[in-house]
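The structure appears below as structure tokens.
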Amino acid sequence: MPIFPITDFSAPELDVYARLTENQLLSRADPASALFIAESPLVAGRALDAGCVPVSLLMEDKHVQGKGREIIRRCGDIPVYAAPLETLIQLTGFHLTRGLLCAMRRPALPAPEAVCRDARRVAVLENVMNPTNLGAVFRSAAALGVDAVLLTHAGSDPLYRRAIRVSMGAVFQVPWAYLPQEGDWTAFLGAQGFRTAALALREDALPIHDPRLRAEERLAIVLGTEGDGLRGGTIARCDYTVRIPMTHGVDSLNVAAASAVAFYQLALLHQAP
């Protein structure tokens, strides 16, 4: 694999790391050329495990024969751009986690029917906007027994660099897809055999430990956007409205924290004998 010291910040081959925005990497007009950035050897390794195709690597020069060596070996004959950490921070504008970035081709996304087919517990994220929260939800989903994640199109992209990094690569381990844009997606989930449980702060909501929830054979755990939560129409169309009991006058949790509680109670414990 060729190793190229970074000597010219304006080199076009560095655009993917230095100048292209997340939306430009996504390249909606030309999906075949769309890219994402995996940050750190762990995350890049999980992306490779999932079959993602690498395009180039950017790393601290000290990692070429160190932390990045195995990733370089696995990536085959692609260019590696190397420089001291200070140079990489100046180039990218941020501190690289574990000193490595890997540009990769975006994989084709499965249809929502495909990720639902064998799932018993799915998470549904309605318009979750913050990439950090999104990544944390995926990490909890991987850890706590959620089989798939379904997203609305207005939310953040699971393949944004920050979302991938916070998820610790879980976006490559948990299947995910976008819900249909047309029509009622709660009806779509019902057609796939799921009952829907909306997490919302309603006085008439079931407590999350209600045994009826865990007894459901197929359950979609529905979480809403930061601040506003789920839309009223979404709550009304779900089969259950569910709340997490809290103390000390706390009335809500961050969506990432709420997802961990919900997944443990409704997904992981569902698997217990």
In Å and rounded to the nearest 0.5 Å, what is the [atom1] to [atom2] distance from [X] to [Y]?
{"X": "Arg161", "Y": "Leu96", "atom1": "CZ", "atom2": "CG", "result": "7.5 Å"}
{"X": "Leu109", "Y": "Leu159", "atom1": "CG", "atom2": "CG", "result": "7.0 Å"}
{"X": "Ser156", "Y": "Asn127", "atom1": "OG", "atom2": "CG", "result": "11.0 Å"}
{"X": "Leu189", "Y": "Leu150", "atom1": "CG", "atom2": "CG", "result": "6.0 Å"}
{"X": "Thr152", "Y": "Leu179", "atom1": "OG1", "atom2": "CG", "result": "7.0 Å"}
{"X": "Arg19", "Y": "Phe9", "atom1": "CZ", "atom2": "CZ", "result": "9.5 Å"}

If we count only N and O atoms by modelled type, under 3.5 Å, do the side chains of [X] and [Y] hold a donor and an acceptor together?
{"X": "Thr234", "Y": "Glu126", "answer": "yes"}
{"X": "Thr21", "Y": "Asn23", "answer": "no"}
{"X": "His270", "Y": "Arg120", "answer": "no"}

ILVMFWY cluster, [X] and [Y] together (side-chain gap under 4.5 Å):
{"X": "Leu219", "Y": "Leu151", "answer": "yes"}
{"X": "Leu101", "Y": "Val55", "answer": "yes"}
{"X": "Leu269", "Y": "Leu266", "answer": "yes"}
{"X": "Val43", "Y": "Leu58", "answer": "no"}
{"X": "Leu223", "Y": "Leu230", "answer": "no"}

Please check: side-chain N/O of [X] versus main-chain N/O of [Y], any donor-acceptor pairing under 3.5 Å?
{"X": "Asp147", "Y": "Val122", "answer": "no"}
{"X": "Arg46", "Y": "Met168", "answer": "yes"}
{"X": "Glu226", "Y": "Asn130", "answer": "yes"}
{"X": "Thr196", "Y": "Asp239", "answer": "yes"}
{"X": "Arg74", "Y": "Ala44", "answer": "no"}

Are the side chains of [Y] and [X] in contact, using a 4.5 Å heavy-atom criterion?
{"X": "Glu39", "Y": "Leu100", "value": "no"}
{"X": "Leu199", "Y": "Ile221", "value": "yes"}
{"X": "Val261", "Y": "Met246", "value": "no"}
{"X": "Pro54", "Y": "Leu48", "value": "yes"}
{"X": "Phe188", "Y": "Glu113", "value": "yes"}
{"X": "Asp157", "Y": "Pro131", "value": "no"}

Which heavy atom of [X] sits nearest to which heavy atom of [Y], and what is that distance?
{"X": "Ile37", "Y": "Ile164", "result": "O-CD1, 3.6 Å"}
{"X": "Val64", "Y": "Ile72", "result": "O-CD1, 3.7 Å"}
{"X": "Ala143", "Y": "Leu268", "result": "O-CD1, 4.5 Å"}
{"X": "Val115", "Y": "Ala148", "result": "O-CB, 3.8 Å"}
{"X": "Cys238", "Y": "Val222", "result": "SG-CG2, 4.1 Å"}
{"X": "Ala256", "Y": "Asn133", "result": "CB-OD1, 4.0 Å"}

Query raised in the report: Between Val137 and Val128, is a side chain to side chain contact (heavy atoms under 4.5 Å, CB included) present by the stated rule, with each step listed?
Result: CA-CA 10 Å; Val137 171; Val128 173; 5.6 Å; no
Show the atom names and distances, to 0.1 Å, of all donor-acceptor pairs under 3.5 Å that link a side chain in residues 200-210 to residues at least two apart or in another chain.
residue: Asp210; atom: OD1; partner: Arg212; partner atom: N; Å: 2.9
residue: Asp210; atom: OD1; partner: Arg212; partner atom: NE; Å: 2.9
residue: Asp210; atom: OD2; partner: Arg212; partner atom: NH2; Å: 2.9

Query raised in the report: Hey, is CG on Asp118 packed in by over 12 heavy atoms from elsewhere, all under 6.0 Å?
Result: no
Query raised in the report: Is atom CZ of Arg98 surrounded by more than 12 heavy atoms (other residues, nucleotides or ligands) closer than 6.0 Å?
Result: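 Not more than 12 within 6.0 Å, no.
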Query - Residues Gln173, Phe138; criterion side chain to side chain contact (heavy atoms under 4.5 Å, CB included); working and verdict - result: CA-CA 9 Å; Gln173 297 173 311; Phe138 266 91; over 6 Å; no
Query raised in the report: Cation-pi between Arg162 and Phe94: NZ/CZ under 6.0 Å from ring centre and within 45° of the ring axis?
Result: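 The answer is no; the distance or angle limit is not met.
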Report task. Measure from NZ or CZ of Arg195 to the centre of the six-membered ring of Tyr240 and say whether it is under 6.0 Å with the direction within 45° of the ring axis. Result -> yes
Requested in this report: Test Tyr160 against Leu134 for side chain to side chain contact (heavy atoms under 4.5 Å, CB included), laying out the working first.
Outcome: CA-CA 10 Å; Tyr160 281 172; Leu134 188 64; over 6 Å; no
Requested in this report: Please lay out, stage by stage, how Leu57 and Ile78 fare under the test side chain to side chain contact (heavy atoms under 4.5 Å, CB included).
Outcome: CA-CA 8 Å; Leu57 283 159; Ile78 64 170; 4.2 Å; yes
Query - With sequence neighbours excluded, residues passing ring-ring contact (aromatic ring centres under 6.0 Å, His included) with Tyr264 - result: none
Query raised in the report: Considering residues at least two apart in sequence or located in another chain, which fulfil the ring-ring contact (aromatic ring centres under 6.0 Å, His included) criterion with Phe36?
Result: Phe172
